[in-house]
Structures are given as structure tokens and as C-alpha cells.
Protein chains: 2
Amino acid sequence: MRTLKYAILGMIHQKPMTGYDLMQEFESTLNEFWSANHSQIYPELKKLTKEGSITYILQQSDKGPDSKLYSLTEAGEKDFLEWLNDDEDIIKTPKDPFRLRVFFSKSMNEEDRLDLFMDHRLKHRKRLKHLQKQLKKFTHVPIKEEEVFGDYLVLMSAIMREESTIAWIEKCIELLKE
Amino acid sequence: MRTLKYAILGMIHQKPMTGYDLMQEFESTLNEFWSANHSQIYPELKKLTKEGSITYILQQSDKGPDSKLYSLTEAGEKDFLEWLNDDEDIIKTPKDPFRLRVFFSKSMNEEDRLDLFMDHRLKHRKRLKHLQKQLKKFTHVPIKEEEVFGDYLVLMSAIMREESTIAWIEKCIELLKE
DNA sequence: TTTGACATGTAAAGCGTTACATGATTGT
DNA sequence: ACAATCATGTAACGCTTTACATGTCAAA
């Protein structure tokens, strides 16, 4: 499916970027639903250049070594815009070792079993708090014409997923305490 | 992390199984949160045998070729029970091409953008219906002492996640229609 | 002087999917 | 005869993570 390719094309479509810029975007903004290390980004940029989707100009940096500023070619932009409209299937349920443990948890003693859920709830509450902090950066709910509308929607998705996960864990705890 | 290893040990811990049995379990019961093809299962069984976690006896089948019935060794059981109590971090948010598209969706025209969400909602509604059908197989909410308690909890998790996803998509559609 | 941010790359190992490969038995 | 189910295996490819590797510049 080469989704990393489109993640990169999409980012560069917003504005020209270096590999390092992409790395930082993957760490911050996109992190909740896509990520990649620099060891994956640089080879992919090389490949996309060879395939003619992107080109770069060398930049002398005042601080640090030279960098390559990438932008989309016409072919690259066309490819990206077509991908946006592709009719793709929804993803398979992602693999989750925690749910696997829950599935097998009848082999644990009662106390450990309850702790498993309590620990897990704490971790998800922390992640939720972190996401809610990011939400506060929005002074208002963006309207669909704004640049940050997409950012808002995916942040909402991450928050709602965490809330739902916590609700599930609490249901489990309730059933365990009966 | 070798989670496949523990998925297999956990299944065999419930009762001795062949590779083919495991394959079927992965396709049915566990499918909502773990899966593996036979091409991954058979080599892993070989590896686990070599490592001393499992052993097998040959079975002549009345129908079809011979099969290997695997069971846990003492070391394998110990390993599995320890894994159950491991303090593991929650998984990173799984990668999701749909959310990536949503993030970039300001580059789409309004109609296509709305269609993207409507199509996606339909697909998730279908999956939810399928899960709810599985829920109907439970005549009652199992208590924590029952064998199927774990099955019930992970099914609930899948259902609640689908409901939350659909709720998010509906929020998106609302904001797009404003 | 040493830590951290900037900046880019390669290599190796692990995990997962798709495809290749074989062969028996049962039901239509 | 043909398809489906049972039953096991290997090979090739692709994606991701972790580790290896190098080098500059600014600030503490």
C-alpha cells in the first residue's frame, strides 16, 4: 500500500520540507495515527526522488550541516491527490498484546487480574490527559475551511478512542468486582 | 516482544492443539485482536519446540494426513504464566491510513470529503453488526469464574471501539455539514 | 569541554503477508 | 471429475525497529 509514501507526499504538499522536518512532524502532529523513524524516512525520500514524485534543492544551513529541501513534482502531486480519493478498506483490528492477556487472564489469580486492569487504566488516563492538553491549544472548534480542521478531527479521534478504552476497562473492573 | 509466541502458548495452555487448530482459532475467536497465517504459525511451532516450550505427539488422522498435537512443557507453562503478569507499556496508537487521509482532507473537494466519511461509516457499521451477532451467542453476561469470561471482555472491547469510531465519524460529518 | 539540536545516511534483525508447494480424504 | 476441508511446510518480499555511523554548530 505504501502508506508512508503518501504520508510524506501529503506533508510535502502542505509545504516544502527536509527529511529532518518530516521526522519532527511524525514525532509531534502525526504521531497519534502515523509515525516513522529517520532511518525509514531518508531511504523513502531517496526512492521517491528516483521515482520522480519529489525533487530537492540543497540548502546551506547557518546552523549545522547542509540539508535537502524537498518539494512535490507535478507527477507527485497528481499521485497524492488521487490517493486521497481512493476507496480503501477499513483496516483490520490492530494487534493488541493487552487484549491478548485479557483473553487469557483466567489463568491469573484474582488480585493480579484486577491489578492488570488498574495499571492499564492509569496508563490510558495519562495518555488522555496529554491529548486533552493538546486540545486546549485550539481556542475554538475550527470550521471546515480552516487549515487546522484536519488536525482537530484526528485529535478528536484519538481522544474519543482513549475515552472509549477507559470506559471498557472500567466495565471490566466492575465485572471483576462483582 | 514475541507476542505470537505467547498467543500460541496461551492457546495450547487451554488445551493441546495442532498447528491447524491454532490457525482456525486465530481466524475465529482471536481475530479481533490477534491474528497469524499458517505460514507464520508452523515455523513458530518449530522454533518453540526447539526452544523447549512445547512438545508434540504424532496423530494419525482418519481424515487427511497426520498431524502434530502440541502441548506445553513445564518450562513453556512457566514462561506463559510469567508473561501474563509482565508490566508492559500500552501500545503506541496503531497506524491508520484513514486518519491520515482525514488529516490531509482539506486538499479534497467538499463532496468527496463528505463521501469519504459516509463510506467509512458504512463499513464500520457493518463490522459492528457482525460483532453484535457474535455477542448474541452469549445467553448471559458471564461471571468472572466462567471459561468464556475473557472471550466476552475482548468482544465488548471490539464493540465499544467500533461504536466510538462511528460516533467520531458522525461528529466529523456534522462539522462538515455546518 | 561536553551536551544537545541540527542533519543525513546504512545495516541488521524481526515481523507479517503473499505466494509457492505438496498431498490425502470427503462430499457433490 | 472437481471443489472443499484437512494438514503441513518453505520462499520471497515488504515494512518497521534498533543499532551503527558521521559530522557541524551553539550554548552552558
Asks: One thing to verify: whether B:Lys144 and A:Glu178 come together as a salt bridge, which I'm taking to mean a side-chain N less than 4.0 angstrom from a carboxylate O.
Replies: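 No.
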Asks: Rounding to an integer number of Å, can you tell me how far B:Tyr20 OH sits from C:dT22 P?
Replies: 19 Å
Asks: Can a salt bridge be assigned to the pair B:Glu44 and B:Lys5 using a cut-off of 4.0 Å between side-chain N and carboxylate O?
Replies: no
Asks: What integer distance in Å separates B:Arg2:CZ from C:dG16:C1'?
Replies: 15 Å
Asks: Mapping B:Ser67 and B:Lys95 onto DNA chain D by nearest heavy atom, which one lands closer to the 5' end?
Replies: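 Mapping each residue to its closest nucleotide by heavy atoms, the 5'-most match is B:Ser67.
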Asks: In this structure, how many angstroms lie between the C1' atom of C:dC15 and the NZ atom of B:Lys92, rounded?
Replies: 15 Å
Asks: For A:Glu82, is there an ion pair with B:Arg101 - N to carboxylate O distance below 4.0 angstrom?
Replies: no
Asks: Round to a whole Å and report the spacing from OH of A:Tyr70 to C1' of C:dG9.
Replies: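 Distance, rounded to whole Å: 10 Å.
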Asks: Would you mind classifying the nucleic acid contact of A:Gln24 as base, sugar-phosphate or nothing, using non-hydrogen atoms under 4.0 angstrom?
Replies: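 Sugar-phosphate, backbone atoms only, no base.
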Asks: For B:Tyr6 and C:dC15, give me the distance from atom OH to atom P, rounded to whole Å.
Replies: 11 Å
Asks: Applying ring-ring contact (aromatic ring centres under 6.0 Å, His included), can you list everything that pairs with B:Tyr20, at least two apart in sequence or on another chain?
Replies: none
Asks: Consider salt bridge (Lys or Arg N to Asp or Glu O under 4.0 Å). Of A:Glu32, A:Glu163, A:Glu162, which one does A:Arg127 pass it with?
Replies: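 When salt bridge (Lys or Arg N to Asp or Glu O under 4.0 Å) is applied between A:Arg127 and each of A:Glu32, A:Glu163, A:Glu162, only A:Glu162 qualifies.
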Asks: How is the hydrophobic cluster of B:Met1 composed, in terms of its other members, when Ile, Leu, Val, Met, Phe, Trp and Tyr link through side-chain heavy atoms under 4.5 Å apart, directly or indirectly?
Replies: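 Joined to B:Met1, directly or through intermediates: none.
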Asks: Got a sec? Which of residues 35-51 of chain B come in under 4.0 Å of DNA chain C, heavy atoms?
Replies: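 When residues 35-51 of chain B is checked for heavy atoms under 4.0 Å from DNA chain C, the hits, listed by number, are B:Asn37, B:Ser39, B:Gln40.
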Asks: In whole Å, what is the span from the OH atom of A:Tyr56 to the C1' atom of C:dT8?
Replies: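 It is 12 Å, rounded to the nearest whole Å.
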Asks: To the nearest Å, give me how far apart CD1 (B:Ile91) and P (D:dT17) are.
Replies: 13 Å
Asks: Rounded to whole Å, how long is the line connecting atom CD of A:Glu27 with atom C1' of C:dC6?
Replies: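 It works out to 13 Å between those atoms.
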